[in-house]
Amino acid sequence: MKVAVIGTGYVGLSTALSLAYVGHEVVGVDLDETKVARLNEGKPPFHEPHAEAMLALVQDRLSFTTRYEEAIPQAEVVFLAVGTPSLPDGSPDLSQVREAARAIGRHLGEGFTVVVNKSTVPVGSGNYVEALVRRAFQEAHGGEPDGRLAVASNPEFLREGQALYDSLYPDRIVVGAEDKRALEVLRELYEPILEQSFAPPPFLPRPERMGAVPFVTTDLASAELIKYGANAFLALKISFINELARLAEKVGADIREVARGIGLDSRIGPRFLQAGLGWGGSCFPKDTAALLAMGREYGLNLPITEAARAVNFGQRTLLVEKLLAELKTLKGRTIALLGLAFKPHTDDLRESPALALAELLLKRGAFVRAHDPVALPRAKREVGLPLEYAEDPRALLRGVDAVVLATDWPEYRTWPWGELKGLLRTPLVVDGRNFLDGKALAAQGYRYVGMGVPALGILEGVRV
């Protein structure tokens with residue numbers, strides 16, 4: 001099938017790559033000329049595992065343009081995958097959705113076209129997009145696009161750092177539409193993924209015992225709310241275990257053992273029960289805020305979602321308090337920050353807990369020296385905080401008063417911590433992800449402090 005994808009961010013590019021890989025002809029549209037030029041050269045605009053390799057594999061079926069007229073008229077399916085950032089009141093900014101929908105209407109082709117909301121948008125946005133497309137078509141062509149247009153909602157459930165894996169091997173595909181023809185078209189579009197009939201890429205093998213993928217069809221409003229509900233529930237799980245971690249510290253329990261015991265219950269499951277600094281990124285903060293804004297629009301309070309946000313953002317302050325308890329003051333201290341991206345395997349800095357923590361430390365009078373295996377170039381360009389940057393462990397740790405792990409990059413586990421200890425002014429490690437081997441660090445002379453776990457080692461001679 002002929003497909004257009006408007007927007008080449010994480011969602012748009014992953015959608016375009018996966019659909020091209022399973023055999024469709026795809027054109028990606030983005031107004032950023034530099035980004036489009038790089039993509040046509042086979043260079044992704046952000047760090048995502050396997051994206052560059054996949055671009056090379058599908059170059060004969062995937063192209064990119066800045067011009068809607070080169071992508072829309074011949075497309076049977078058009079995906080809207082543009083950004084919907086939060087407005088000050090928490091509701092999503094739909095300006096990019098509006099502009100893209102109007103452009104689709106102006107350039108709508110002669111055949112039947114399914115316009116698909118892939119962006120995370122509030123309930124009712126399917127109707128809104130359809131009205132925008134119809135109005136733009138009328139303005140451009142003087143008539144109604146009768147029989148040529150249907151709108152569907154097809155929410156994404158991708159994890160940054162594993163977006164291509166999730167695109168090819170999803171837990172489910174959800175489609176909401178009022179027009180049965182739209183459901184039929186999207187069922188055909190996704191058939192290779194639903195049936196897992198494609199040969200897997202060499203760098204992304206198919207999971208063992210992977211069967212047919214459920215195809216969930218529903219109405220527009222339900223599909224739109226499914227996306228918000230899924231993200232909010234995962235955010236709740238993380239905030240709940242973080243709240244329980246605070247109690248674990250008070251009573252002398254180990255939250256890792258508590259989470260293991262809870263997670264073995266099949267009704268609960270072990271995922272998203274890792275205590276730490278909390279969630280960030282482009283989805284959970286934005287989508288929970290949008291859910292609250294949606295509730296206010298209908299006169300509803302959503303206190304569970306509101307509490308999850310409060311617990312989450314309070315985790316940064318909690319870590320600062322842990323540092324204060326150990327160092328007595330942060331003024332003039334140099335803190336080494338391990339990780340800047342909001343999660344490992346990406347260079348995405350949006351709503352990063354690490355950056356929120358850095359800002360709190362700077363306000364307390366500390367100096368912050370940061371390292372990240374991937375995100376340093378982006379941080380140097382985009383972060384407005386007065387951070388010091390270090391390219392390697394020795395440059396990072398020399399003379400620091402504490403080390404804070406903020407992003408659980410695998411590399412940090414393999415650093416030669418025993419050899420590096422002599423570089424630190426104070427051998428204190430505060431693990432914001434309970435990721436490092438605390439017992440090994442304590443055996444090498446460090447004081448190890450985690451989140452909801454017993455502290456290990458002794459810190460002596462702290463200068464005040």
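Please read these numbers as outputs of a predicted model, since none were measured by experiment.
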Subject >> Glu249/Lys322 ion pair, N-O < 4.0 Å >> reply: yes
**OP:** Please confirm whether the backbone N or O of Asp401 pairs with a side-chain atom of Arg333, one donor and one acceptor, at under 3.5 Å?
**Re:** no
**OP:** Determine the minimum heavy-atom distance between Glu391 and Lys380, stating which atoms define it.
**Re:** OE2-NZ, 2.8 Å
Original post:
For residues 244-263, which residue pairs qualify under ring pair (Phe, Tyr, Trp, His ring centres under 6.0 Å), counting only residues two or more places apart or in two chains?
Top reply: none
**OP:** Check for a donor-acceptor pair, side chain of Lys343 on one end and backbone N or O of Glu160 on the other, with a separation under 3.5 Å.
**Re:** yes
**OP:** Report the C-alpha separation of Leu39 and Leu13 in whole Å, then their side-chain angles, then the decisive distance to 0.1 Å, and conclude whether the side chain to side chain contact (heavy atoms under 4.5 Å, CB included) test is met.
**Re:** CA-CA 10 Å; Leu39 283 166; Leu13 184 57; 4.0 Å; yes
Original post:
Going by heavy atoms in the side chains, are Val400 and Arg425 under 4.5 Å from each other?
Top reply: no
Subject >> Exam field: side chain Arg364 to backbone Leu360, donor-acceptor pair closer than 3.5 Å >> reply: no
Original post:
Hey, mind stepping through Lys227 and Glu156 against salt bridge (Lys or Arg N to Asp or Glu O under 4.0 Å) and telling me if it holds?
Top reply: CA-CA 7 Å; Lys227 168 62 177 178; Glu156 54 83 19; 3.1 Å; yes
Original post:
Okay, side chain of Asp93, backbone of Ser86: is any donor-acceptor separation there less than 3.5 Å?
Top reply: no
Subject >> Test item: Tyr128 and Pro122 side chains (from C-beta on) under 4.5 Å apart, heavy atoms >> reply: no
**OP:** Please examine the side chains of Ser14 and Ser167, heavy atoms only from C-beta on, and report whether any two atoms are closer than 4.5 Å.
**Re:** yes
Subject >> Any side-chain heavy-atom pair of Met451 and Ile255 under 4.5 Å >> reply: no
Subject >> Those residues that, when tested against Phe435, pass ring pair (Phe, Tyr, Trp, His ring centres under 6.0 Å) (two or more places apart) >> reply: none
Subject >> Sub-4.5 Å side-chain heavy-atom contact between Leu55 and Phe64 >> reply: yes
Original post:
Got Val3 and Thr15 here, is their nearest side-chain heavy-atom distance under 4.5 Å?
Top reply: no
Original post:
Looking only at atom types and distance, does a side-chain atom of Arg369 sit under 3.5 Å from a main-chain N or O of Arg398, one as donor and one as acceptor?
Top reply: yes
**OP:** Spell out, as yes or no, whether a donor-acceptor pair under 3.5 Å connects the side chain of Arg316 to the backbone of Asn312.
**Re:** yes
Original post:
Going by heavy atoms in the side chains, are Asp30 and Thr66 under 4.5 Å from each other?
Top reply: no
Subject >> Val123 vs Met294, side chain to side chain contact (heavy atoms under 4.5 Å, CB included): CA-CA, chis, key distance, verdict >> reply: CA-CA 8 Å; Val123 173; Met294 215 184 310; 3.8 Å; yes
**OP:** Any chance you could lay out the salt bridge (Lys or Arg N to Asp or Glu O under 4.0 Å) test for Arg350 and Asp348, step after step, and finish with the verdict?
**Re:** CA-CA 6 Å; Arg350 289 174 291 180; Asp348 195 344; 2.7 Å; yes
**OP:** Could you pull out the closest heavy-atom pair between Ile6 and Ala100, with the gap in Å?
**Re:** CG2-CB, 4.0 Å
Original post:
With sequence neighbours left out, what residues match Leu456 under side-chain contact (heavy atoms from CB on, under 4.5 Å)?
Top reply: Lys439, Ala442, Tyr448
Subject >> CD1/Ile304: more than 12 non-hydrogen atoms of other groups inside 6.0 Å >> reply: no
Original post:
Hey, what's the ring geometry for Trp415 with Trp417, parallel, tilted or perpendicular (30° and 60° as the breaks)?
Top reply: tilted
**OP:** Please collect all ring pair (Phe, Tyr, Trp, His ring centres under 6.0 Å) contacts where either partner lies in residues 247-277, sequence neighbours excluded, each pair once.
**Re:** none
Subject >> Residue pairs, two or more places apart or on separate chains, that pass ring pair (Phe, Tyr, Trp, His ring centres under 6.0 Å) and touch residues 318-357 >> reply: His345-Trp409
**OP:** Name all residues meeting the side-chain contact (heavy atoms from CB on, under 4.5 Å) criterion together with Leu273; count only those two or more places apart in sequence or in a different chain, and write none if there are none.
**Re:** Lys237, Ile241, Ala259, Ile262, Ile268
**OP:** Could you tell me whether the side chain of Cys283 reaches within less than 4.5 Å of the side chain of Thr120, counting heavy atoms only?
**Re:** no
Subject >> Distance under 6.0 Å and angle within 45° of ring axis: Arg172 vs Phe157 >> reply: yes
Subject >> Pairs where residues 285-298 contributes a residue and the test side-chain hydrogen bond (donor to acceptor under 3.5 Å, both in side chains) is met, not counting sequence neighbours >> reply: Thr84-Lys286, Asn231-Asp287, Thr288-Arg309
Original post:
What is the distance from atom CG of Leu292 to atom CG of Asn301, rounded to the nearest 0.5 Å?
Top reply: 9.0 Å
Original post:
Roughly how far, to the nearest 0.5 Å, is the CG atom of Asp32 from the OG1 atom of Thr8?
Top reply: 7.5 Å
Original post:
Would one find more than 12 heavy atoms of other residues, nucleotides or ligands at under 6.0 Å from atom CG of Leu264?
Top reply: yes
**OP:** Please list, chain by chain and in numerical order, all residues satisfying side-chain contact (heavy atoms from CB on, under 4.5 Å) with Ile193, sequence neighbours excluded.
**Re:** Val22, Pro170, Ile173, Tyr190, Gln196, Phe198
Original post:
Can you tell me how far the OG atom of Ser282 sits from the CD atom of Glu351, to the nearest 0.5 Å?
Top reply: 9.5 Å
Original post:
What residues form a ring pair (Phe, Tyr, Trp, His ring centres under 6.0 Å) with Phe233, not counting sequence neighbours?
Top reply: none
**OP:** Would you please test Val430 and Leu405 for side chain to side chain contact (heavy atoms under 4.5 Å, CB included) and show each step?
**Re:** CA-CA 6 Å; Val430 180; Leu405 184 134; over 6 Å; no
**OP:** Indicate the atoms forming the closest heavy-atom contact of Leu291 with Ala232, along with that distance.
**Re:** CD2-CB, 3.7 Å
Original post:
Ser119 side chain to Val121 main-chain N or O, any donor-acceptor pair under 3.5 Å?
Top reply: no
**OP:** Give a yes or no on whether the ring-centroid distance for Tyr389 and His371 is below 6.0 angstrom.
**Re:** no
**OP:** Kindly write out the residues that satisfy side-chain contact (heavy atoms from CB on, under 4.5 Å) with Ala223, not counting sequence neighbours, or none if the list is empty.
**Re:** Ser153, Pro155, Val174, Thr218
**OP:** Scan residues 44-58 for pairs that pass side-chain hydrogen bond (donor to acceptor under 3.5 Å, both in side chains), counting only residues two or more places apart or in two chains.
**Re:** Lys43-Glu52
Subject >> All pairs passing side-chain hydrogen bond (donor to acceptor under 3.5 Å, both in side chains) where residues 254-270 contributes a residue, at least two apart >> reply: Asp254-Arg256, Glu257-Arg260, Asp265-Arg267
Original post:
At what distance, to the nearest 0.5 angstrom, does CG of Leu80 lie from CG of Asn154?
Top reply: 11.5 Å
Subject >> Value rounded to 0.5 Å, distance of OG in Ser18 from NE2 in His24 >> reply: 9.0 Å
Original post:
Do Arg433 side-chain atoms and Gly278 backbone N/O form a donor-acceptor pair below 3.5 Å?
Top reply: yes
Original post:
For Glu326 and Val449, what are the C-alpha separation, side-chain angles and deciding distance, and is it a side chain to side chain contact (heavy atoms under 4.5 Å, CB included)?
Top reply: CA-CA 9 Å; Glu326 299 291 335; Val449 178; 3.6 Å; yes
Original post:
Taking the six-membered ring where the residue is Trp, are the ring centres of Phe313 and Trp279 under 6.0 Å apart?
Top reply: yes
Original post:
Rounded to the nearest 0.5 Å, how far does CG of Leu459 lie from CG of Leu428?
Top reply: 5.5 Å
